[in-house]
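First up is the structure itself, then whatever we jot down about it.
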Amino acid sequence: MLVCLTDYLSLCRVTAAIGYLFLLLFSFFITVYTACFNGSCQVLDSCSQATDCGPGLYCGNCPALGKSQPFCTRGQAIVPTSIVGGLPFNKYSWLMTHNSFSIVDAPSLQGVQRLTFYNQEDTVTNQLMNGVRGLMLDMYDFNGDIWLCHSFRGQCFNFTAFQPAINTLREVETFLSQNPSEIVTIVIEDYVHTPKGLSNLFLNAGLDKCWFPVSKMPKKGEDWPTVNEMVQANHRLLVFTSVASKEAEEGIAYQWKYILENEAGDPGVKPGSCPNRKESRPLNSKSASLFLMNYFPSYPVETEACKEHSAPLADMISTCFKAAGSMMPNFLAVNFYMRSDGGGVFYDLDSMNGQRLCGCNTIAACQAGAPFGSCKNITMPSSSPMTNTAGGFSGSVQFSKSASTIYYPNQFAIGFFSIPWMLFLL
């Protein structure tokens with residue numbers, strides 16, 4: 001009788017252990033397969049594909065910070081005028097892409113292998129749809145036309161060329177035509193020597209109709225017209241050149257008369273320092289009302305950008321703010337703008353616009369028409385950037401092929417081997 005009872009208890013213990021094991025496995029699979037998906041995941045939530053993440057987010061990772069498990073990351077900006085509108089143009093902060101044309105995996109149109117650096121991962125159209133409002137374009141005389149190109153000793157070659165500039169300008173024209181309340185700024189690193197080359201280029205791209213005239217630009221650091229006035233007059237394209245003579249010759253604004261700018265490349269990412277470019281007036285000068293903050297290393301590396309766009313970027317914004325005499329940057333120019341550890345450049349832009357437009361720590365807390373400093377109580381970072389539809393866009397947040405791969409451990413293997421092996425010994 002005792003033997004039977006002992007055998008029965010042993011059988012019960014084994015049965016219970018097996019049942020517990022299956023319960024754990026069932027709970028594990030429920031956890032894995034009932035996690036957020038189909039657009040319900042928010043910032044920093046784990047994801048396995050782009051469609052898991054909510055509006056304005058994409059599924060990415062940041063191995064440079066030890067994050068190989070993919071998570072939902074900001075990939076779209078809140079357009080500040082959609083929340084606080086009607087202020088002078090220079091009262092806002094805008095996202096700008098450095099070498100906007102230099103796109104990873106862009107096909108070579110010259111039939112040779114391109115040997116140059118890359119700075120962005122998606123098309124100019126996509127950049128604009130994701131909230132970019134400033135484009136840095138390098139233009140050269142090349143093959144009897146004007147091309148977007150990186151230079152080798154100041155000259156464009158077939159192995160550094162990208163495409164005719166008019167292709168990109170037509171993308172800008174299409175965007176402005178389809179979004180009649182939006183304003184775009186183009187800063188040209190100008191190597192074009194063809195007489196009237198640039199003015200004819202913009203004319204042929206159909207952009208003359210929304211050109212902001214040089215005659216109306218503030219010359220002594222005054223406020224710009226309001227964004228509403230610019231939209232009503234259809235002066236929604238600001239163009240600046242690095243060549244002084246073209247202001248008088250072609251009506252294109254000479255960049256250094258209107259824009260203050262910190263040093264580009266490695267000097268511009270050195271912690272605790274924000275020197276002005278040698279071409280620029282001192283950052284604390286009051287003779288210009290636009291401030292372009294460069295934040296990108298001399299040699300762009302895709303996989304490092306997410307690290308660069310984390311805490312170091314916020315620190316540098318604070319440093320440059322102080323260096324400019326408490327002037328917030330109007331343009332934040334970066335490489336690989338969508339790469340971050342979660343919020344990235346979009347989170348910082350929200351903070352910049354929130355502080356300057358309504359005295360809040362993020363623009364998502366601003367309330368139209370409310371007194372300065374009257375803020376909504378929201379969690380930082382906001383779960384999804386697209387909290388409004390006015391001025392927002394639903395452009396696909398995407399990388400090129402070489403930039404889109406995400407790496408993550410096999411969840412089943414981790415879950416399986418985390419089960420206590422003692423259960424099998426009962």
Side-chain angles (χ1 to χ4, degrees), residues 50 56-62 64 73-77 94-109 114-140 147-151 156 159-172 174-175 184-189 264-266 268-269 292-310 313 331-341 343-346 348-349 393 395-406:
L57 310 178
Y58 76 94
C59 189
N61 61 3
C62 188
T73 303
R74 283 282 298 270
Q76 199 169 62
W94 311 94
L95 177 58
M96 177 173 280
T97 47
H98 173 233
N99 290 335
S100 316
F101 64 93
S102 179
I103 300 167
V104 175
D105 284 347
S108 173
L109 303 182
R114 189 183 291 114
L115 300 174
T116 190
F117 295 113
Y118 297 91
N119 305 89
Q120 304 302 332
E121 298 169 288
D122 57 346
T123 66
V124 166
T125 293
N126 213 62
Q127 292 172 36
L128 294 169
M129 293 295 285
N130 289 333
V132 172
R133 290 296 176 270
L135 306 174
M136 301 176 100
L137 304 177
D138 297 0
M139 296 191 183
Y140 293 78
W147 276 59
L148 300 174
C149 187
H150 282 313
S151 68
C156 180
F159 57 87
T160 61
F162 282 82
Q163 64 173 325
I166 195 167
N167 295 347
T168 293
L169 294 186
R170 283 174 175 158
E171 290 185 71
V172 176
T174 298
F175 175 81
V184 173
T185 300
I186 295 178
V187 176
I188 303 171
E189 188 172 322
D266 290 344
V269 298
L292 193 166
M293 177 182 159
N294 293 299
Y295 186 79
F296 46 83
S298 299
Y299 301 102
V301 179
E302 287 172 275
T303 54
E304 292 294 315
C306 63
K307 182 178 180 180
E308 295 159 4
H309 296 163
S310 58
L313 174 55
F331 302 102
L332 178 59
V334 297
N335 292 328
F336 309 119
Y337 72 102
M338 288 196 293
R339 297 263 173 172
S340 79
D341 62 347
V345 297
F346 306 104
D348 291 320
L349 279 165
F393 301 99
S396 171
V397 179
Q398 61 185 356
F399 285 158
S400 63
K401 291 180 181 177
S402 65
S404 61
T405 304
I406 55 177

Determine the minimum heavy-atom distance between P164 and L109, stating which atoms define it.
CD-CD1, 4.0 Å
Would the distance check show the side chain of Y118 and the main-chain N or O of E302 forming a donor-acceptor pair, the cut-off being under 3.5 Å?
no
Kindly compute the distance separating OG (S102) from CZ (R114), expressed to the nearest 0.5 Å.
7.5 Å
Evaluate side chain to side chain contact (heavy atoms under 4.5 Å, CB included) for S151 paired with T160, printing each intermediate quantity in order.
CA-CA 7 Å; S151 68; T160 61; over 6 Å; no
Does any part of the side chain of T116, heavy atoms only, come nearer than 4.5 Å to the side chain of F159, both counted from C-beta?
no
Hey, are the side chains of L332 and M96 touching, using non-hydrogen atoms and a 4.5 Å cut-off?
no
Non-hydrogen side-chain atoms of M129 and F175 separated by less than 4.5 Å:
yes
Could you tell me which non-hydrogen atom of L137 sits nearest to which non-hydrogen atom of S100, and how far apart they are?
CD2-CB, 4.0 Å
Can any side-chain N or O of R339 pair as donor or acceptor with the backbone N or O of K307 at less than 3.5 Å?
no
Evaluate the criterion side chain to side chain contact (heavy atoms under 4.5 Å, CB included) for residue pair M338 and N130; output intermediate values, then yes/no.
CA-CA 9 Å; M338 288 196 293; N130 289 333; 4.0 Å; yes
So which atom in A161 and which in C156 form the shortest heavy-atom distance, rounded to 0.1 Å?
CB-SG, 3.8 Å
Within this structure, what is the CD-OH distance for the pair E189 and Y140, rounded to the nearest 0.5 Å?
5.5 Å
From Y58 OH over to Q76 CD, what is the distance, rounded to the nearest 0.5 angstrom?
13.0 Å
Side chains of T185 and R133: does their closest heavy-atom pair fall under 4.5 Å?
no
Does any non-hydrogen side-chain atom of E171 lie less than 4.5 Å from one of T174?
no
Spacing of CG belonging to L128 relative to CG belonging to L135, to within rounding of 0.5 Å
5.5 Å
Under the side chain to side chain contact (heavy atoms under 4.5 Å, CB included) rule, what do E308 and V269 come out as? Steps first, then yes or no, please.
CA-CA 9 Å; E308 295 159 4; V269 298; over 6 Å; no
Which atom pair, heavy atoms only, marks the closest approach of P300 to F336?
CB-CE1, 3.8 Å
Counting N and O atoms only, with roles assigned by atom type, does the side chain of N119 sit under 3.5 Å from a partner on the main chain of N335, one being a donor and the other an acceptor?
no
All heavy atoms of A64 vs all of C306, minimum pair found to be CB-SG, 4.2 Å
Roughly how far apart are D348 CG and R74 CZ, rounded to 0.5 Å?
10.0 Å
How are the rings of Y337 and F346 set to each other: parallel, tilted or perpendicular (split at 30° and 60°)?
perpendicular
Parallel, tilted or perpendicular for F101 and F162, by the 30°/60° rule?
perpendicular
Start with the C-alpha distance between V334 and F296, add both sets of side-chain angles, then the distance that settles side chain to side chain contact (heavy atoms under 4.5 Å, CB included), and finish with yes or no.
CA-CA 5 Å; V334 297; F296 46 83; 5.6 Å; no
Validation row: Q120, N99 side chains within 4.5 angstrom (heavy atoms)
no
Rounded at 0.5 Å granularity, tell me how far CE in M136 sits from CG in N294.
5.0 Å
A side-chain contact here means heavy atoms from C-beta on lying under 4.5 Å apart; do D122 and I103 qualify?
no
